[in-house]
Amino acid sequence: MNNAICILIDSVVWDCFGNKRIKESPTPFLDSLKKESLIAESLFSQGPYTDAATKSLYTGRNCLDDFGYFFKLNSSRYTHFDAFHDNGFETYGFYYPYYLYGPNIKKSIDHTIYTSGFLYDSEWGGIFDYYAKIVNQRDLSSLEIDLLIKRINLMFDSWISFYNDILVNDESRMLIEKEMSNFDLLIALKKLTNEREKFNTNKVEYIHSILNGGKEHELAKIDFIDVDALINRDYLKKEVFRKYRKIFKKISINNFVANSLHNKPNIKRVIYSIKNYIKTKEKNNLRFLSNFYHCINSTKEFISNSNLKRWQNMPSARRQLDTAFSILKNRKSKIPFYLSLHLLDPHEYISFFSYDIQNNNIMKEEFEMINKYINSCGTCFKGSLPYILTIRYVDFCIEKFCEKLKEIGLWENTSLLIVADHGSSYSYYPLHGIPVNCFDEECYHIPMMIRNPNSEMRKVEKYFSSMDVFPTFFDILGIKKPDSFIGKSMLVDSGLDYIITEYMGSGCPDMLSKKIWFSIRDKNYCIGLKVPINNTFEKREINEVYDIKKDKNCFYNLKDKLDVSSYDYLLSKIESRFYEIKEDVCSFISGVKNEHRK
């Protein structure tokens, strides 16, 4: 049985693989693997950010099944790690601790390698801030209290497990050793344990202490693992930005020229948007103009952002892949392995070089590669060149990793899955409005390829969802798909003529009272709508309607002009899915209530 590696690249738009919108492909190495790969051309994430997107990807289920992603992956019965572990693979997971892998998932991860400290801000912004605003208006219901108790228990389980792991296991802290140099782990663990004891003493009172305390709560003062410790800003200033200033200048000029030529909003759209703004007073009608400004100034903003605290929260692609190779090289076991990595270089605060490695030879190698690529593509591209360069950088790092696998004899018995969790608004093509929390195709349409030794190239053209990715990977590897995975294998399923996306909007994924954000598209239309989870489908709010045949980039919203009968056949599919979700939520809530009675 082959080994298996999944490299998830955060925030990649599907057309940034290959030369679909760029003269010179930023992924020459991945392109070279196509002859042995299955390639999905119309794969869509179900959500536009990681928590929503990976719920579907890693569990083989719809994003909003099993009470959505309120408990991250933990409310689903099975994950990718479980599937590989139960099929006899030794499993390796590179991930950040606030992703909250609870004990049921952790038991299937044989080797955990953490990529950051525990960011309480993520918990506050993702869950608690939402309920803090609610308690200013009304009391929490008993069900909301029960859900928060489960969520806080999950947080403590994952956080304490993280500290215990890095306390006793050298391997688990390989990537954050230097960040921990001024961090007293034993004191932090003691404080955290004390907080859990307070929680266990009076759970309701503790919940209110969190909601009232905000970012000043004791939990916010525990983890000070310095994610900036590996970023030497003097080195960046002298040995990167100053030394390679001619390259940065070239990036800036080419980016400005290319987007002025190929990505500048036309007069028709500007007039249309100004009229809509005057009519509605909604600033989002003009947001694409500020996004164009950010696009042509993205090189300057990249350099400026590098001075921000927490500019990068995770190790660079090169450090992660080098560490992964070191582990595989020293591995003694003969059983097959499954390795899961999550690379964040193309994420919002992008980077296209190894910012956390102070090595002049490595910098020289990477900037020679960058310079060569810039010269090759010239001004024949659309969107932010710094963003495109992050894709080129990640491809370069993956190539080096795979070359090393060849050197130790692993390449010919290892299957490689390359996939994005979701797309990105920050490639700035096409130019749309509010980033991330939107219905724009570039936030959902993602690349995927599975390279299998000695296989033939196969392209899948019809629509598939990210929940179909791992069932396909299992099929290629000869692994039985877990019963809980409802996704289809692209090897045997013919795909769909339409695709649905679903998630709970920004912030807390409250499955009791928020609106579900749905979109559906086929060859004719793209529809974006919001439906209150606690109401009927008739209460839907249709937000956006686009005629794809006439407006492929979805610039001109026809929701007030096109009769609903034209696209009602698509709404009926959303309606069916909506009631499936409602039924699933009721079933989950019943289980929570039964737990409470016990």
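As the structure is a computational prediction, the values presented were derived from the model and not from experiment.
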[atom2] on [Y] to [atom1] on [X], rounded to 0.5 Å:
{"X": "Asn19", "Y": "Ser25", "atom1": "CG", "atom2": "OG", "value": "6.0 Å"}
{"X": "Asn232", "Y": "Lys237", "atom1": "CG", "atom2": "NZ", "value": "12.0 Å"}
{"X": "Ile476", "Y": "Arg451", "atom1": "CD1", "atom2": "CZ", "value": "11.5 Å"}
{"X": "Ile22", "Y": "Lys382", "atom1": "CD1", "atom2": "NZ", "value": "11.0 Å"}
{"X": "Lys372", "Y": "Arg392", "atom1": "NZ", "atom2": "CZ", "value": "8.5 Å"}
{"X": "Ser37", "Y": "Asn452", "atom1": "OG", "atom2": "CG", "value": "8.5 Å"}

Can you tell me if [X] and [Y] form a side-chain donor-acceptor pair at under 3.5 Å?
{"X": "Asp345", "Y": "Thr390", "value": "no"}
{"X": "Asp421", "Y": "Thr54", "value": "no"}
{"X": "Ser489", "Y": "Asp475", "value": "yes"}
{"X": "Gln46", "Y": "Ser466", "value": "no"}
{"X": "Tyr98", "Y": "Asp121", "value": "no"}
{"X": "Thr299", "Y": "Asn255", "value": "no"}
{"X": "Ser384", "Y": "Ser298", "value": "yes"}
{"X": "Ser316", "Y": "Asp356", "value": "yes"}
{"X": "Ser56", "Y": "Asn62", "value": "no"}
{"X": "Tyr114", "Y": "Asp165", "value": "yes"}
{"X": "Asn375", "Y": "Lys250", "value": "yes"}

Tell me which one of Tyr92, Phe89, Phe337 satisfies ring-ring contact (aromatic ring centres under 6.0 Å, His included) with His111.
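Among the candidates, only Tyr92 passes.
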
Among Phe241, Tyr373, Tyr244, which residue satisfies the ring-ring contact (aromatic ring centres under 6.0 Å, His included) criterion with Phe367?
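Result: among Phe241, Tyr373, Tyr244, Tyr244 is the only option passing the ring-ring contact (aromatic ring centres under 6.0 Å, His included) with Phe367.
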
Report yes or no: does [X] contribute a side-chain atom to a donor-acceptor pair with the main-chain N or O of [Y] at less than 3.5 Å?
{"X": "Glu441", "Y": "Pro430", "result": "no"}
{"X": "Asp223", "Y": "Gly117", "result": "no"}
{"X": "Asn74", "Y": "Gly102", "result": "yes"}
{"X": "Glu502", "Y": "Leu64", "result": "yes"}
{"X": "Arg233", "Y": "Ser306", "result": "yes"}
{"X": "Asp440", "Y": "Cys443", "result": "no"}
{"X": "Glu461", "Y": "Ser42", "result": "no"}
{"X": "Arg458", "Y": "Leu491", "result": "yes"}
{"X": "Arg173", "Y": "Ile166", "result": "yes"}
{"X": "His347", "Y": "Ile9", "result": "no"}

Determine, step by step, whether Lys404 and Asp322 satisfy the salt bridge (Lys or Arg N to Asp or Glu O under 4.0 Å) criterion, reporting the C-alpha distance in whole Å, the side-chain angles of both residues, the deciding distance to 0.1 Å, and the verdict.
CA-CA 9 Å; Lys404 291 176 182 177; Asp322 282 353; 3.0 Å; yes

With side-chain hydrogen bond (donor to acceptor under 3.5 Å, both in side chains) as the criterion, how do Thr112 and Tyr95 come out once you've worked through the C-alpha distance, each side chain's angles and the decisive distance to 0.1 Å?
CA-CA 8 Å; Thr112 289; Tyr95 60 90; 3.1 Å; yes

Aromatic ring centroids of Tyr96 and Tyr99 under 6.0 Å?
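Yes, the ring centres sit under 6.0 Å apart.
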
Within 6.0 angstrom of Phe256 CZ, more than 12 heavy atoms from elsewhere:
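No, not enclosed.
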
Please check if atom NZ in Lys406 has more than 12 non-hydrogen atoms from other residues, nucleotides or ligands closer than 6.0 Å.
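More than 12 within 6.0 Å, yes.
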
Search all heavy atoms of [X] against all heavy atoms of [Y] and return the closest pair with its distance.
{"X": "Glu41", "Y": "Lys20", "result": "OE1-CE, 3.7 Å"}
{"X": "Tyr58", "Y": "Ser340", "result": "OH-OG, 4.1 Å"}
{"X": "Ala53", "Y": "Gly47", "result": "CB-O, 3.6 Å"}
{"X": "Ala4", "Y": "Phe473", "result": "CB-CZ, 3.8 Å"}
{"X": "Ser11", "Y": "Tyr387", "result": "O-OH, 2.6 Å"}
{"X": "Cys295", "Y": "Asn263", "result": "SG-ND2, 4.0 Å"}

Look at the aromatic rings of [X] and [Y] and report parallel, tilted or perpendicular, splitting at 30° and 60°.
{"X": "Trp311", "Y": "Phe353", "answer": "tilted"}
{"X": "Phe470", "Y": "Phe474", "answer": "tilted"}
{"X": "Tyr338", "Y": "His80", "answer": "perpendicular"}

Side-chain contact, heavy-atom cut-off 4.5 Å: Met449 with Leu30?
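The answer is yes, as the side chains (C-beta and beyond) meet within the 4.5 Å cut-off.
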
I would like to know whether Met363 and Val240 meet side chain to side chain contact (heavy atoms under 4.5 Å, CB included); could you show each step before the answer?
CA-CA 7 Å; Met363 287 300 107; Val240 177; 3.8 Å; yes

So that I can tick it off, tell me whether [Y] and [X] are bridged by a salt bridge, with the cut-off set at under 4.0 angstrom between side-chain N and carboxylate O.
{"X": "Glu365", "Y": "Lys400", "answer": "yes"}
{"X": "Arg331", "Y": "Glu90", "answer": "yes"}
{"X": "Glu366", "Y": "Arg318", "answer": "yes"}
{"X": "Asp468", "Y": "Lys488", "answer": "no"}

Side chain to side chain donor-acceptor pair (under 3.5 Å) with His85: which of Thr79, Asp110, Thr91?
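Among Thr79, Asp110, Thr91, the one meeting side chain to side chain donor-acceptor pair (under 3.5 Å) with His85 is Asp110.
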
Between Phe302 and Phe352, is the side chain to side chain contact (heavy atoms under 4.5 Å, CB included) condition met? List the steps.
CA-CA 10 Å; Phe302 169 78; Phe352 49 82; 3.8 Å; yes

What's the verdict on side chain to side chain contact (heavy atoms under 4.5 Å, CB included) for Leu38 and Met448, showing C-alpha distance, side-chain angles and the deciding distance?
CA-CA 8 Å; Leu38 181 147; Met448 187 219 78; 3.5 Å; yes

Glu456/Glu36 under side chain to side chain contact (heavy atoms under 4.5 Å, CB included): CA gap, chis, key distance, verdict:
CA-CA 5 Å; Glu456 294 183 355; Glu36 292 185 307; over 6 Å; no

Any ring-ring contact (aromatic ring centres under 6.0 Å, His included) involving residues 408-461? Give me the pairs, sequence neighbours left out, ordered by first then second residue.
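Found Trp14-His445, Phe44-His445, His432-Phe555, Phe439-Trp517.
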
